[in-house]
Amino acid sequence: MGLTENDLRLTFTNQFGKTAGQLTPADPGPSRTSWRGRLGLFVSILSILTSSASHAQSYVDKHDFGANINNANGTIGPDGNNPVGPIAFDNQGNMYGTANDGGPYGSGDGMVWEITKDGAYIDLHDFGGTITTANGSSGPDGRIANAGVTVDSQGNLYGTTLYGGASGTYGMVWEITNDGVYKDLHDFGGTVTNANGTNGPDGKVPYANVSIGPDGALYGTTVTGGPYGPVYNGRGVVWKLRQDGTYNDLHDFGGSLSSGPDGASPYGGVTFDSKGNMFGTTYYGGANGQYVGGLGIVWELTKNGAYYDIHDFGGTIVNAEGNVGNDGKLPGWGVSIDGSGNLFGTTCYGGPYGGTDGSGMIWEITSNSNYIDLHDFGGTTTNANGTTGPDGASPFGGITLDGAGNLYGQTTYGGPYRYGTGIIFVLTKAHNYIDLHDFGSTTVNADGTVGPDGENPNSGVTFDNAGNLYGTATYGAPIEYNYGGFGMVWKIPGPQLVSVSVSPTSVTGGSTSTGTVTLSKAAGPAGAVVSLTSDSSNATVPVSVTVPYGSTTATFTVNTTAVDSPVVANISGTLFSTTRSAALTINPPVARGLTLRPSTVVGGSPSSGLLDLSGPAGPSGVVVNLASNSGAATLPATIMIPAGSSSGGFNIDTSVVTTSTSAQITANYGVVVQTTLTITPGGLTGLSLSLSTVYGGTPSVGTVTISGQAPAAG
C-alpha cells in the first residue's frame, strides 16, 4: 500500500472516493456539465450573486490558470494549472506561488509563478526539465510543486517538489535567487545519517512548504522515507538544510514513544515559536484510530532537540457546541502560533458533523496545554450570500492569523453552490464564525468577463502588507479542462487606513482629545483592528481601536498629563503596514479666572483671592505674578501653585480710606485676568446711650460706632 504519484498530485481523497485528479467526465459522481453549457444559467442568476459579492467584501479574480503564456524558457506554451500551495509576498509586494500541474515539460510538471505588485503575471520556472542537480551533475529537475513558496528577507524564493530530483522520484528542495538563478539545494531519497545516529534512508516526497528558522536554515518535512516503516516505505522525517548545504535529519516519524505510537506522514510543514521551538502535525499515527496506526498528532521538537507528542487526534472531546463528541482527525496542514504561544490548526475530517468521517474542525492548543475545539465544519451556517445553508467542509489548508487574533482559512468542500466546492471563512477572536465567500458560482473573471468562479481550494490564505487577503482555488475558473477548470488566484481587498485625526488638536495638559481612525472602505465581518501608539509620555492612547463590521470610522480617547511647556505628541495608527499620524499639541495651563472673597471691604479689613488655572500645574509647579493698582490694597508679588493643582489662594490687606476706592487686582500666567476690590471708608453702624431714661439734670453717655478705623484726620 504505497503512496502513488496520483495519490499526492492533487491532495487527498474526496467524498466520492477518488482523488480529484482521477475524476473523468465519465464519472457518475457530481454532475459536471460543460462550463460553456452552464454559463447561460450562471449569467441569469448574476443579480443574486451581486448581492453576495457585497457581503463577500469585493471578491476579485486576479488570475486564471491554464492559458498559453510566455514560459520561463522564452517560448509560448501552457501556463501552470491546479495551484495548491499558499501564496507568499516579498518585501516589495510581489506575489509568488506554485502550480502542481501544467507548464511546458512532460505531461505538465508544474511551475513557479509571480504576479508583480503592478499586476504583471510571470512564469519564473517550469519544473520537469534538466538542470544541474544538488550533486553538481546534470540530471532531472523536480516535478509537481505541491507546496507553495517561501520568501526570505533578501527576496530569495524556496520550495519543494513532490517528485523528481537526482535521487530518483522522491522530490527536492529548490531555490530561485533574487537575481533569478534556479538551484537544486537537496535531492531526497538517498542515504543519510538518521536522527537516531545510524545511516539509513533519507526522507521522501516533501509535501509542505519550506520554513526559515531563527538561524536562517531551511526546515521542512517529508511524507514518507526515513528508517521507520515498512508502511509507505518510511513514515516521514523532519529535516534541516543549512546555508552551507549541510543536511540534517532531525526526527524520524513512525517509531514508538513513551505515550504510544508516534505520528506518521506529516503533510504539514514546521512552525517556530518565539523561543525557537518547532511544531507541526502528522496526518496519520498517534494513539487513536486505525489509519496507519492512528488519526494524526500535534508534535513539538524543542530547540534542545526533545520531541513530544502533544495531542492525539481521533478521540472523544467536548465539541465547539458544548457536547461530548468526536475529535477531529487527519490534519492536513501544520500549525499557526500567535504571540502568546497558542497553537491553531485544522483537521480535514472528524468532528460531530458530516457522518462517519466528519467534515473537520478548527482546533486550538493554548499556551498552558488546553485543547479546544473552536469550530466544527459540516453543519449549517449563514452563507456569504446571506442565506442559511451548508457550512464548509474539509479544510485541507491551515489557519492564518491577522494582527487582531482572528483566524482565516478555506475549506476544500462544502458551501451552498452545486455539490459544495468550498468556502473562505474567518473565525473571529470572539469565536464568531463567518462565511466570507462561497466558491462554485460565477464571478467577474480576470479577463473582465463574467464566468465560472474557482472551486475546491486546497491551501490556506495569505495577507499582504496592506491587509488584502489572497488565496488560490485548485479548480474552476473559466479556462476549461475536462470537467472543471485549471484554478485561479483570488483576492478580497482589505480596507486601508486613510487617516488618523484628533479633535481638538490642541489641549491643556490633563484634559482629553478624541481620536478618529478612518478606513478607505467598510470593515469586514471580523472588524479592522488599528494599532495605536503615541510618541510622548504626556499623551496616552489605547493599544488598539476596532472599526466594527460595516463601519469606516472608530473613535478613541487620548489622555494627557500636565506639562511645564508645550509638547507636541504624534498619535499614530497602524493597519497592517500602513501608518497614519496626527499631531496633538499639549499646552501648560494658563490663568483662567480670579475671584475675591469678599469683593467689597471697609478699609483696614482683609480680603482673599483665589486664582483658577485652565488645567493642573505641570511637574515643576506654577509661579503666578500678582499686582494691585492701588496702595489701599496690598498682596504678595507671586504665588506658587504646586504640581497637579489647578488653583491657588492669596491674602489681600487693605488700608483705611476716606472715600470709596477701587483696587484692580491682576494675575498673570499665560493670560492676564483681573477683578476689582472695592475699599470703602468706615460708615456709621451704630449709636447707643448708657442711659436711655434719666431725671432732668442727670447725664447719659452716647457711643457712636463706625464700620472701620477712623482715618488719620479723625
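- Val210 is listed as a side-chain neighbour of Trp239, based on a closest heavy-atom distance under 4.5 Å.
- Between Tyr353 and Asp391, the side chains place no donor N or O within less than 3.5 Å of an acceptor N or O (distance only, hydrogens not considered).
- Two residues are said to be in side-chain contact when any heavy atoms from C-beta on lie closer than 4.5 Å; Asn465 and Phe89 fail this criterion.
- With contacts defined as side-chain heavy-atom distances shorter than 4.5 Å, the pair Ser359/Tyr413 does not qualify.
- The residue from Leu407, Thr400, Asn406 that alone fulfils the side chain to side chain contact (heavy atoms under 4.5 Å, CB included) condition with Val426 is Asn406.
- No side-chain donor from either of Asp61 and Thr443 sits under 3.5 Å from a side-chain acceptor of the other.
- Summarising the geometry, atom NE2 belonging to His437 is positioned 9.0 Å from atom CD belonging to Gln410; distances are rounded to the nearest 0.5 Å.
- A donor-acceptor contact under 3.5 angstrom links the side chains of Tyr121 and Asp79, judged on distance only.
- Between Thr518 and Ser501, every side-chain heavy-atom pair lies at or beyond the 4.5 Å cut-off.
- The distance from the OH atom of Tyr219 to the CZ atom of Phe272 is 4.5 Å, given to the nearest 0.5 Å.
- Tyr408 meets the ring pair (Phe, Tyr, Trp, His ring centres under 6.0 Å) test with Phe463; sequence neighbours excluded.
- Within the 4.5 Å cutoff, the side chain of Tyr59 has heavy atoms near those of the Asp453 side chain.
- Judged purely by distance below 3.5 Å, without hydrogens or angles, the side chains of Asp118 and Thr116 never pair a donor atom with an acceptor atom.
- Checking Thr516 against Thr553 by side-chain atom types alone, no donor-acceptor pair falls below 3.5 Å.
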Stepwise side-chain contact (heavy atoms from CB on, under 4.5 Å) check, Tyr267 with Thr221
CA-CA 8 Å; Tyr267 284 93; Thr221 61; over 6 Å; no

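- For Phe556, the ring pair (Phe, Tyr, Trp, His ring centres under 6.0 Å) criterion is met by no residue, not counting sequence neighbours.
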Check against side-chain contact (heavy atoms from CB on, under 4.5 Å), Met95 and Asp464
CA-CA 9 Å; Met95 182 197 319; Asp464 68 6; over 6 Å; no

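- The line from CG of Leu330 to OG1 of Thr282 is 9.5 Å long, rounded to the nearest 0.5 Å.
- The minimum heavy-atom distance between Val502 and Ser513, with the atom names listed, is CB-OG, 3.7 Å.
- Here the straight-line distance linking atom OG1 of Thr160 with atom CG of Asn146 works out to 8.0 Å at 0.5 Å rounding.
- Exactly one residue among Phe127, Tyr96, Phe65 makes a ring-ring contact (aromatic ring centres under 6.0 Å, His included) with Trp113. That residue is Phe65.
- The only option from Arg242, Gln243, Lys240 that meets the side chain to side chain donor-acceptor pair (under 3.5 Å) definition with Asp215 turns out to be Lys240.
- Here the side chains of Asn370 and Glu364 are not in contact, with every heavy-atom distance at 4.5 Å or above.
- For the pair Leu157/Leu124, a side-chain contact is recorded, criterion being any heavy-atom separation below 4.5 Å from C-beta on.
- In this pair, Trp363 and Tyr371 present their aromatic rings parallel. The plane angle is below 30°, not in the 30 to 60° band.
- In this structure, CG on Leu218 lies 6.5 Å from CD1 on Ile212, to the nearest 0.5 angstrom.
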If you apply the rule side-chain hydrogen bond (donor to acceptor under 3.5 Å, both in side chains), what do you find for Thr574 with Thr579, and how did you get there?
CA-CA 4 Å; Thr574 301; Thr579 299; 2.8 Å; yes

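- In this structure, CG on Leu497 lies 10.5 Å from OG on Ser577, to the nearest 0.5 angstrom.
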Would you sort out whether Val558 and Val507 count as a side-chain contact (heavy atoms from CB on, under 4.5 Å), showing the intermediate values?
CA-CA 10 Å; Val558 184; Val507 296; over 6 Å; no

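- Looking at Trp299 and Val270, their side chains come closer than 4.5 Å, going by heavy atoms from C-beta outward.
- Defined by atom type and a distance below 3.5 Å, a donor-acceptor pair is present between the side-chain atoms of Thr561 and Asn538.
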